[in-house]
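Written out below as structure tokens is the structure these notes cover.
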Amino acid sequence: MPELPEVETIRRSLLAKLTGATIRSVTVRERRLRRPIARDFESRLRGRRVLNIRRRGKYLLFDLDGDDRLLAHLGMSGRLEMRSGNAPEELHDHVRLNLDRGRTLVFNDPRRFGLMRVGQPTELDEIHHVGPDPLAAEWSADRLRPLVRGRRRPIKNLLMDQTLLGGIGNIYANEMLYRAGIRPTRRARTLRRRELDALAGAMRRVLTDAVRLGGSSISDFRDGDGRPGYFQLQLAVYDRAGDPCPRCRTPIRRVVLAGRSSFYCRRCQR
DNA sequence: CGCACCCCCTGCCGGC
DNA sequence: TGCCGGCAGGGGGTGC
């Protein structure tokens, strides 16, 4: 589910309600996530106040008073949502942060590919390898050039490499390559300057559009208030194999790259 | 270095 | 109506 736009949407929806809130108690129902939840998770969070929420790629980082921070990742199926304290428990509710004012932050994740972890900044090694944010800076051909230089791998794999760029997943990699007119299979180092220009522009447009529309709700994405996103209505190629290209009506093709479904128009994308 | 191929896990969908 | 295979927005590990 969650790529950069979805994670950013969740961050924004939680920010106002969570900053300043105190964690009164913590309930963990299932410790077996991507990494097991450590034994001291609850005690290190209890009594802490949330000061801010930041995003690193697809990770959310909750600043707390004291030295610890809370790191969360939603994997494929994770949700973080605010509920009233007496709301009924749901299937796959794994972690509940019981806050003041009768509210609860719930981490729900059917597939358990997500992550919740408390630690000092230096201990949270997951985020140390996350590359620069594709939205934070103004990307350009000059800025992309060193990333593609000498790399024979398909450009789509490179876009999704979280150590090179933090936050782009399968949906948005496909969509930005469509808008840039570049096939996902193109070797990164063969991209010409004008193609890198187009790609930089497409990265920004796709991600800002997606954030503005609250992310993509393909099956069940919801923000921290349970609201869906609407960028799925703008998807030109993702999961549209066989459908006509919105621009030229050529049927969209599906190929597999690095084990992930990849979609493109063979006429509009070269 | 970067790939293919495995794993983790639940849910859903289409074919039979 | 089941059952089964394939697939799904994630990351990580292995071996080549």
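Just so it is clear, the structure is predicted and the values come from calculations on it, not from any experiment. Per chain, numbering begins at 1; letters A, B, ... match sequence-line order.
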Checking A:Asn98 against A:Thr27: is there a side-chain donor and acceptor pair closer than 3.5 Å? yes
Using a cut-off of 4.0 Å on non-hydrogen atoms, how would the nucleic acid contact of A:Arg152 be classed: base, sugar-phosphate, or nothing? nothing
Distance check, rounded to the nearest 0.5 Å: A:Gln269 atom CD versus A:Leu177 atom CG? 6.5 Å
Does any donor atom in the side chain of A:Ser84 or A:Asn86 lie under 3.5 Å from an acceptor atom in the other side chain? yes
Within the 4.0 Å heavy-atom criterion, would you say A:Pro5 contacts the bases, only the backbone, or no part of the nucleic acid? nothing
Just the rounded figure in Å: distance from P of B:dC9 to NE2 of A:His94. 12 Å
From C:dG11, C:dC7, C:dG10, pick the nucleotide closest to the side chain of A:Phe113? C:dG10
Nucleotide of C:dG12, B:dG11, C:dG9 approaching A:Arg260 most closely (side-chain heavy atoms): C:dG9
Pairing partner of C:dG11 (Watson-Crick or G-U wobble, both distances under 3.5 Å): B:dC7
Can a salt bridge be assigned to the pair A:Asp209 and A:Arg204 using a cut-off of 4.0 Å between side-chain N and carboxylate O? no
Whole-Å distance, A:Arg153 CZ to B:dA4 P, equals 11 Å
Heavy atoms from C-beta onward define the side chain here; which of C:dG10, C:dC7, B:dG2 lies closest to that of A:Glu3? C:dG10
Identify which nucleotide among C:dG9, C:dG10, B:dG11 has an atom closest to any side-chain atom of A:Phe221, counting heavy atoms from C-beta outward. C:dG9
Would you kindly give the CD1-to-P distance between A:Ile218 and B:dC12, to the nearest whole Å? 16 Å
From the set B:dG11, B:dC3, C:dG9, return the single nucleotide nearest to any side-chain atom of A:His92. B:dG11
Counting only Watson-Crick or G-U wobble pairs whose two distances fall under 3.5 Å, which nucleotide matches C:dG2? B:dC16
Is A:Arg112 close enough to B:dT10 that one of its side-chain N or O atoms is under 4.0 Å from OP1 or OP2 there? yes
Using whole Å, report how far CD1 of A:Ile127 lies from C1' of C:dG12. 18 Å
A:Glu126 with A:Arg34: basic N within carboxylate O range, under 4.0 Å: no
Calculate the interatomic distance between A:Leu74 atom CG and C:dA8 atom C1'; express it in whole Å. 16 Å
Could one point to a donor on the side chain of A:Arg111 or the base of B:dC9 with an acceptor on the other under 3.5 Å away? yes
Taking the P atom of each, how far is B:dC5 from C:dG6, in whole Å? 14 Å
Rounded to whole angstroms, how far apart are CE on A:Met76 and C1' on B:dC8? 11 Å
Sidechain N-carboxylate O distance under 4.0 Å for A:Asp161, A:Arg153: yes
Side chains of A:Gln162 and A:Tyr59: any donor to acceptor distance under 3.5 Å? no
A:Asn157 has a side chain; which of B:dC3, C:dG9, C:dG12 sits nearest to it? B:dC3
Is A:Asn170 close enough to C:dA8 that one of its side-chain N or O atoms is under 4.0 Å from OP1 or OP2 there? no
On the nucleotide C:dG10, are OP1 or OP2 found under 4.0 Å from the side-chain N or O atoms that A:Arg34 carries? no
Take the protein atom CG of A:Asp109 and the nucleotide atom C1' of C:dA8, then report the distance between them rounded to whole Å. 13 Å
Does C:dA8 have its OP1 or OP2 closer than 4.0 Å to a side-chain nitrogen or oxygen of A:Ser261? yes
Testing B:dC9, C:dG10, B:dG11 for proximity to the side chain of A:His73, the answer is C:dG10
Can you tell me, in whole Å, how much space there is between the P of C:dC3 and that of B:dC9? 22 Å
Protein-nucleotide distance (A:Asn108, atom CG; B:dC9, atom C1'), rounded to Å: 13 Å
May I ask you to evaluate whether A:Tyr238 reaches the phosphate of C:dG9, defined as a side-chain N or O under 4.0 Å from OP1 or OP2? yes
Name the nucleic acid region contacted by A:Leu91, choosing base, sugar-phosphate or nothing; use a 4.0 angstrom heavy-atom cut-off, strictly under. sugar-phosphate
